[in-house]
Undergrad: 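Starting off with a structure, shown below.
This is a predicted model, so every value here is computed, not measured. All chains are named by letter (A, B, ...) in the order of the sequence lines, taking the proteins before the strands, and each is independently numbered beginning at 1.
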Number of protein chains: 2
Amino acid sequence: MRWDELEEEPCSMARTIGVIGDRWTLLILRECFLRTRRFEGFQSALGITRHLLAERLKKLVRQGVLRRIPYQESPKRHEYILTQKGLDLYPIMMAIVHWGDTHMVDERGRPLLHQHRKCGKNFDPVMVCSECGEPLSAKEVHTHPGPGARTTAAINAPEKPKAKARRSAA
Amino acid sequence: MRWDELEEEPCSMARTIGVIGDRWTLLILRECFLRTRRFEGFQSALGITRHLLAERLKKLVRQGVLRRIPYQESPKRHEYILTQKGLDLYPIMMAIVHWGDTHMVDERGRPLLHQHRKCGKNFDPVMVCSECGEPLSAKEVHTHPGPGARTTAAINAPEKPKAKARRSAA
DNA sequence: CCATACAGTTCTAAAAACGAACTGTCAAAT
DNA sequence: ATTTGACAGTTCGTTTTTAGAACTGTATGG
């Protein structure tokens, strides 16, 4: 399973991973949400090699996550701006940050607080059901194949005809 | 910035990426949420090389995301089960799936539907503010350094003293 | 005794990432 | 007029990871 194959799997998770599922891409996107827009900005903030940065930016543009917009003629220069598709990654970023805040902080506490402009308070992101508004947890969710299903499906039984405990499980 | 360095950055996002920020780890975790627990199960579902799988599982156990539990003596065999820390990754997984459902589906529609046991309906995950319950978007959130802050901080201004447009930003 | 299940480990080749230098345009400073 | 520096990449040789396939070892069922 190579990168290009990932994007063709009938699994929304695999496809998304094909777009943003590597360390540098995720960090580049962090910078995007921090309003970094230019090549040098990304490079110096992250310490990524210029070669990789160029490649990752190209890919994100190709995928429609970033838009490459000229901000200057003469030596042609461009900025990389999040598209709506890119902005929609925000919940993923917040979920990642929140998990880190919960499980990866040292004794000094979380590196960053988030304040909600609307209510003015520092908050944590909570994932809820779009229908009833209740918080979600893995066990309360049941999945079943949708119209685009095939075999592997996302967060749903894929092809694993193996787990048939020959010996009783423990 | 290597993997081990990532986990020491004062940025909850970088630290989390240090744990789950690679393609195979994410896919392994998908399988975990699908109730895959054994080596062969992961291997055959994903097509990952056995070598990498062994390594990734070891790392996830070391990080406390999975627990390695014997399910059989004689030839000692173990299962890999999500810990609470691992289960807490659920919002990240759902956010990833949801983005894929929104932006990466083909004409056939989404591969998978999610049903909320409590209300019985198919739903989408929505991220809301823990304080006021309103849905969140990037623009409504303001960040500021927390007690564990240093320079790079997560989703907050890191060290990028560069972006000082010499020429007016067209 | 042989085939199979399972959970790895070992080895070599191929792919990706790193690191440092180089290209090229232009503006401001000397 | 020349040099310096900002900026946005590209090129290239080296190191690290990953892929792919085979091998190890215990145990079971036939």
Undergrad: Give one of base, sugar-phosphate or nothing for B:Y80, where a contact means two heavy atoms less than 4.0 Å apart.
TA: sugar-phosphate
Undergrad: So, is B:W24 close to the D:dA19 phosphate, meaning a side-chain N or O under 4.0 Å from OP1 or OP2?
TA: yes
Undergrad: Under the rule for side-chain contact (heavy atoms from CB on, under 4.5 Å), what residues qualify as partners of B:L53, not counting sequence neighbours?
TA: B:I28, B:F39, B:F42, B:Q43, B:I48, B:L57
Undergrad: Taking only residues at least two apart or on different chains, which pairs with a member in residues 83-93 of chain B satisfy salt bridge (charged side-chain N to carboxylate O under 4.0 Å, His left out)?
TA: none
Undergrad: From D:dA27, C:dC6, C:dC26, pick the nucleotide closest to the side chain of A:S74?
TA: C:dC26
Undergrad: Measure CZ/A:F42 against P/D:dA6 and give the value in whole Å, please.
TA: 19 Å
Undergrad: List, by chain and number, the other hydrophobic cluster members for A:I69, where Ile, Leu, Val, Met, Phe, Trp and Tyr join if side-chain heavy atoms come within less than 4.5 Å, directly or indirectly.
TA: A:I81
Undergrad: Could you give the CD1-to-P distance, from A:I69 to D:dA8, as a whole number of Å?
TA: 14 Å
Undergrad: Is the phosphate of D:dA8, meaning OP1 or OP2, less than 4.0 Å from a side-chain N or O of A:R37?
TA: no
Undergrad: Would you mind checking if B:E55 and B:R50 are paired as a salt bridge, meaning a charged N to carboxylate O distance below 4.0 Å?
TA: no
Undergrad: Quick one: do B:D22 and B:K59 make a salt bridge, cutoff under 4.0 Å?
TA: no
Undergrad: Show which side-chain atoms of residues 126-140 of chain B pair as donor or acceptor with protein atoms under 3.5 Å away, not counting sequence neighbours.
TA:
| unit_1 | atom_1 | unit_2 | atom_2 | d |
| --- | --- | --- | --- | --- |
| B:S130 | OG | A:D124 | N | 2.9 |
| B:S130 | OG | A:D124 | O | 3.1 |

Undergrad: Which comes earlier along DNA chain C counting from the 5' end, the contact point of A:D22 or that of A:E73, where each point is its nearest nucleotide?
TA: A:D22
Undergrad: A:L53 CG to C:dA20 P: how many Å, rounded?
TA: 17 Å
Undergrad: I want to check one thing: is the phosphate of D:dT18, taken as OP1 and OP2, less than 4.0 Å away from some side-chain N or O of B:R56?
TA: yes
Undergrad: Quick one: list whatever passes salt bridge (Lys or Arg N to Asp or Glu O under 4.0 Å) with A:R23, sequence neighbours left out.
TA: none
Undergrad: With a cut-off of less than 4.0 Å, is there a side-chain N or O of B:R23 near OP1 or OP2 of D:dA19?
TA: yes
Undergrad: Take atom CD of A:Q43 and atom P of C:dA21, then tell me their distance rounded to the nearest Å.
TA: 14 Å
Undergrad: In whole Å, what is the span from the CG atom of B:L57 to the C1' atom of C:dA7?
TA: 10 Å
Undergrad: Rounded to whole Å, how long is the line connecting atom CG of B:L52 with atom C1' of C:dA16?
TA: 13 Å
Undergrad: Any protein N or O atoms within reach of nucleotides 9-15 of chain C? Criterion: under 3.5 Å, listing atom names and distances.
TA:
| unit_1 | atom_1 | unit_2 | atom_2 | d |
| --- | --- | --- | --- | --- |
| C:dT9 | OP2 | B:K58 | NZ | 3.4 |

Undergrad: What's the closest nucleotide to the side chain of B:R38 if the choices are C:dA7, C:dG19, C:dC26?
TA: C:dA7
Undergrad: Whole-Å distance between D:dT28 C1' and B:E40 CD?
TA: 16 Å
Undergrad: May I have the distance from B:I48 (atom CD1) to C:dG8 (atom C1'), rounded to whole angstrom?
TA: 13 Å
